[in-house]
Amino acid sequence: FVTTPPASKRASVSEWIGLSQVKIDYSRPAVNGREGTIYGAQGLVPYNNGNPFPWRAGANENTVITLEADAKINGQALPAGAYGFHIIPAEEEWILIFSSNNHSWGSFNYDSTEDVLRVSVKPETCDHEEWLRFEFVNATNNSTDIQMSWESKKISFTVEMDVHALTMNNIEKELDNLLGFGWQGWNSAAQYTLASGKDLEKGLEWARRAYSPGFFGTQKNFTTLQTESQILTQLGKAEAAKAIMDQAIPLATMTELHFYGRTLIQQNKPKEAMAIFQMNRDNNPDDNFTTLVGLARGNMANENFKEAAKYFRIAAKNAPAGQAPAYENLAKQCEDRL
């Protein structure tokens with residue numbers, strides 16, 4: 001026979017939770033004028049307690065839900081894998097079935113001994129949905145709801161993953177590979193723990209590994225030392241953090257020192273920031289833009305608005321193409337504060 005379009009068109013939707021994909025492959029039957037006869041004891045989707053077999057949650061082949069990582073479905077554990085998805089619908093409660101058999105045609109060969117997980121959900125009414133649809137809704141960093149709707153009913157369930165644990169495990173694997181042969185890999189791993197606020201002791205270990213002698217590709221530079229200092233600060237070890245930054249500052253490039261000064265302003269440390277901006281200017285007296293912007297921002301943070309306006313205007317004359325108006329505007333803001 002020649003190939004023609006199926007009556008129930010194929011569809012595939014996916015969503016990422018952290019580094020792991022959740023994918024649904026299914027067929028989309030249409031209501032096609034059958035409103036009011038889809039669900040019920042004698043409906044196209046029968047309320048028959050799953051006898052002789054449950055509904056395939058679509059049409060044609062198995063609806064297949066694939067999880068790239070271990071997950072929880074409405075709080076219940078489900079290992080990574082590809083699952084045939086079936087439903088036993090009823091008036092008040094629908095039983096969702098995740099089966100290890102993901103290769104059958106529909107539910108005709110369904111075998112309950114192949115069930116990996118069952119969860120119960122409450123069906124809800126919805127606006128008319130002509131074509132059966134799966135979609136991802138209510139996403140968070142660690143979870144998403146899968147919603148299925150068709151004709152006048154919808155159900156949803158939550159897929160949740162331990163994104164931090166999965167990320168840490170992935171980082172360990174990457175550091176065992178090529179990323180472990182350079183300081184950038186170790187430093188970025190440490191920065192992840194800093195951003196997440198979790199496993200900071202492990203992050204400190206990675207930060208120090210980034211510049212440890214004897215390891216290929218490691219390097220003691222401003223970035224690696226600053227990361228260690230930041231983690232020490234998060235761990236409440238302020239004196240140790242300061243000692244590391246004292247080592248880092250002489251290694252900084254002009255640009256690194258400039259942005260470190262801006263970081264100090266964000267931390268509400270205007271005097272320390274001004275000292276860094278002045279040091280940067282002293283170290284780079286021939287620079288005609290970056291260090292001048294630094295002096296402007298340092299003075300502005302310390303409410304020395306006259307000096308800040310002066311340096312902003314000088315910097316504006318040497319600004320990259322299109323940026324001069326922004327620095328002129330900052331100068332005017334300072335003058336308005338006088």
J.: Could you tell me whether Asp127 atom CG has more than 12 heavy atoms of other residues or ligands within 6.0 Å of it?
T.: no

J.: Is it the case that the side chains of Glu228 and Tyr211 hold a donor-acceptor pair, with the cut-off being a distance below 3.5 Å and no angle test?
T.: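 On atom types as modelled, these side chains qualify, holding a pair under 3.5 Å.
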
J.: Quick one: do Tyr311 and Arg281 satisfy side-chain contact (heavy atoms from CB on, under 4.5 Å)? Show the steps, please.
T.: CA-CA 12 Å; Tyr311 285 115; Arg281 181 62 183 173; over 6 Å; no

J.: Just how far is it from atom OG of Ser104 to atom CZ of Arg56, taken to the nearest 0.5 Å?
T.: 11.0 Å

J.: Asn74 side chain to Phe157 main-chain N or O, any donor-acceptor pair under 3.5 Å?
T.: no

J.: Between Asp199 and Lys202 (side chain of the first, backbone of the second, donor and acceptor by atom type, cut-off under 3.5 Å), is there such a pair?
T.: no

J.: Could you go through the salt bridge (charged side-chain N to carboxylate O under 4.0 Å, His left out) check for Arg313 and Glu328 one step at a time?
T.: CA-CA 6 Å; Arg313 292 205 183 279; Glu328 291 285 356; 2.3 Å; yes

J.: Taking NZ, NE, NH1 and NH2 as the nitrogens, is one of them in Glu124 or Lys153 under 4.0 Å from a carboxylate oxygen of the other?
T.: no

J.: What's the shortest heavy-atom distance between Phe289 and Ala315, and which atoms?
T.: CD1-O, 3.4 Å

J.: What distance separates Asn304 CG from Lys310 NZ, expressed to the nearest 0.5 Å?
T.: 11.0 Å

J.: Does Thr218 reach the main-chain N or O of Ser212 with its side chain, forming a donor-acceptor pair under 3.5 Å?
T.: yes

J.: Establish, yes or no, whether a centroid distance under 6.0 Å links the rings of Phe259 and Phe222.
T.: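 Between Phe222 and Phe259, which both carry aromatic rings, the centre distance is not below 6.0 Å.
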
J.: Linking I/L/V/M/F/W/Y whenever any side-chain heavy atoms sit under 4.5 Å apart, do Leu251 and Ile276 land together?
T.: no

J.: For residues Thr224 and Gln219, determine if any side-chain heavy atom of one lies less than 4.5 Å from a side-chain heavy atom of the other.
T.: no

J.: Can the ring centres of Phe305 and Phe312 be said to be less than 6.0 Å apart?
T.: no

J.: Other residues, nucleotides and ligands only: do more than 12 of their heavy atoms fall within 6.0 Å of CG on Asp176?
T.: yes

J.: Side chain to side chain donor-acceptor pair (under 3.5 Å), that's the test. Do Asn187 and Gln191 meet it? Break it down for me.
T.: CA-CA 6 Å; Asn187 185 73; Gln191 281 287 335; 4.9 Å; no

J.: Side chains of Val116 and Tyr83: does their closest heavy-atom pair fall under 4.5 Å?
T.: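 Side chain of Val116 against side chain of Tyr83, heavy atoms only: contact under 4.5 Å found.
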
J.: Evaluate the side-chain proximity of Arg118 to Leu96: yes if any heavy-atom separation is below 4.5 Å, no if none is.
T.: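 They are not in side-chain contact.
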
J.: Looking at Ala57 and Thr63, what are the two nearest heavy atoms and their distance?
T.: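 Here Ala57 and Thr63 meet closest at O-OG1, 2.9 Å.
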
J.: Please tell me if the side chains of Met300 and Met274 come closer than 4.5 Å, counting only heavy atoms from C-beta onward.
T.: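 No, side chains not in contact.
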
J.: Can you list the steps and then say if Val293 with His258 is a side-chain contact (heavy atoms from CB on, under 4.5 Å)?
T.: CA-CA 9 Å; Val293 172; His258 175 78; 4.0 Å; yes

J.: Out of curiosity, Arg208 CZ to Lys220 NZ, how far, rounded to the nearest 0.5 Å?
T.: 11.0 Å

J.: Ignoring hydrogens and geometry beyond distance, is a side-chain donor-acceptor pair present between Ser107 and His86 at under 3.5 Å?
T.: yes

J.: For the backbone of Ile244 and the side chain of Gln247, can you confirm whether one donor and one acceptor N or O come within less than 3.5 Å of each other?
T.: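 Judged by distance alone, no pair lies under 3.5 Å.
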
J.: Does Leu179 offer a backbone N or O that forms a donor-acceptor pair with the side chain of Asn177 under 3.5 Å?
T.: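 No.
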
J.: Test Tyr260 against Phe277 for ring pair (Phe, Tyr, Trp, His ring centres under 6.0 Å), laying out the working first.
T.: CA-CA 9 Å; Tyr260 176 54; Phe277 290 132; 9.4 Å; no

J.: Assigning hydrophobic clusters by single linkage (Ile, Leu, Val, Met, Phe, Trp, Tyr; side-chain heavy-atom cutoff under 4.5 Å), is Leu264 placed with Leu232?
T.: no

J.: Both conditions, 6.0 Å and 45 degrees, for the charged tip of Lys9 above the ring of Trp131: are they met here?
T.: yes

J.: Out of curiosity, does Phe53 fall in the hydrophobic cluster containing Trp94 (side-chain heavy atoms, cut-off under 4.5 Å, transitive links)?
T.: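 In one cluster with Trp94: Phe53, no.
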
J.: Between Met245 and Ser229, what is the shortest heavy-atom contact and its length?
T.: CG-OG, 3.0 Å

J.: If you measure only the distance, is there a donor-acceptor pair under 3.5 Å linking the side chains of Arg28 and Ser8?
T.: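 No, no side-chain donor-acceptor pair sits under 3.5 Å.
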
J.: Might you point out which heavy atoms bring Gln278 and Leu295 nearest each other, and give the distance in Å?
T.: OE1-CD2, 3.6 Å

J.: To check you understand the geometry: which heavy-atom pair defines the closest contact between Tyr26 and Ser12, and what is its length?
T.: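 Tyr26 and Ser12 have their closest heavy atoms at CE2-N, 4.5 Å.
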
J.: Using distance alone, with no hydrogens and no angle criterion, decide if Asn142 and His164 have a side-chain donor and acceptor under 3.5 Å apart.
T.: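 Short answer, no.
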
J.: Could you tell me which non-hydrogen atom of Arg297 sits nearest to which non-hydrogen atom of Ile265, and how far apart they are?
T.: O-CD1, 3.7 Å

J.: Working note: Trp186 + Leu175, criterion side-chain contact (heavy atoms from CB on, under 4.5 Å); need CA distance, chi angles, decisive distance, verdict.
T.: CA-CA 7 Å; Trp186 296 99; Leu175 292 176; 3.5 Å; yes

J.: Is it the case that the side chain of Asn221 and the backbone of Thr223 share a donor-acceptor pair, with hydrogens and angles ignored and the cut-off at 3.5 Å?
T.: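 Looks like yes, one N/O pair under 3.5 Å.
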
J.: For a 4.5 angstrom cut-off between non-hydrogen side-chain atoms, does Phe98 reach Leu78?
T.: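 In contact.
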
J.: Any donor-acceptor pair under 3.5 Å linking the side chain of Asn302 with the backbone of Pro270?
T.: yes

J.: Output the distance between atom CD1 (Ile231) and atom OG1 (Thr193), rounded to the nearest 0.5 Å.
T.: 4.0 Å

J.: Look at the side chain of Asn170 and the backbone N and O of Leu166, then say whether any donor-acceptor pair between them is shorter than 3.5 Å.
T.: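 No; zero donor-acceptor contacts below 3.5 Å.
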
J.: If we only count heavy atoms from C-beta on, is the Met279 to Leu257 side-chain gap below 4.5 Å?
T.: yes

J.: Could you see if Met148 belongs to whatever hydrophobic cluster contains Val64? Use Ile, Leu, Val, Met, Phe, Trp, Tyr and a side-chain cutoff under 4.5 Å.
T.: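 No; Val64 is not reachable from Met148 via cluster members.
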
J.: Any heavy-atom pair between the side chains of Phe134 and Leu132 that's under 4.5 Å?
T.: yes

J.: With a cut-off of 6.0 Å (strictly less than), are more than 12 heavy atoms of other residues, nucleotides or ligands near CZ of Arg337?
T.: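 No, the 6.0 Å shell around CZ holds no more than 12 heavy atoms from other groups.
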
J.: Keeping the roles fixed (side chain from Asn318, backbone from Ile314), state whether a donor-acceptor pair exists under 3.5 Å.
T.: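 Flag set: sc Asn318 to bb Ile314 pair under 3.5 Å.
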
J.: I need the Leu194 CG to Gln226 CD distance, nearest 0.5 Å.
T.: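 Spacing of CG (Leu194) from CD (Gln226) equals 9.5 Å.
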
J.: Applying a strict under-4.5 Å side-chain criterion to I, L, V, M, F, W and Y, I'd like to know whether Ile38 and Val121 cluster together.
T.: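 Ile38 clusters together with Val121.
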
J.: Using modelled atom types only, decide if a donor and an acceptor are shared between the side chain of Glu68 and the backbone of Ser20 within a distance under 3.5 Å.
T.: no

J.: Less than 4.5 Å apart, side chain to side chain, heavy atoms only: is that true for Phe136 and Asp145?
T.: no

J.: List the steps and the verdict of side chain to side chain donor-acceptor pair (under 3.5 Å) for Asn101 and Ser99.
T.: CA-CA 5 Å; Asn101 182 338; Ser99 170; 5.5 Å; no

J.: When the aromatic ring centroids of Trp55 and Tyr110 are compared, is their separation below 6.0 Å?
T.: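 Aromatic pair excluded; centres sit 6.0 Å or further apart.
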
J.: Hydrogens and angles aside, do His128 and Glu130 bring a side-chain donor and acceptor to less than 3.5 Å of each other?
T.: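 Distance-only check passes for His128 and Glu130.
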
J.: Using salt bridge (charged side-chain N to carboxylate O under 4.0 Å, His left out), reason through Arg10 and Glu61 one step at a time and then give a plain yes or no.
T.: CA-CA 10 Å; Arg10 294 289 296 165; Glu61 300 95 339; 3.7 Å; yes

J.: What distance separates Ile87 CD1 from Ile97 CD1, expressed to the nearest 0.5 Å?
T.: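 Between Ile87 CD1 and Ile97 CD1, I get 9.0 Å after rounding to 0.5 Å.
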
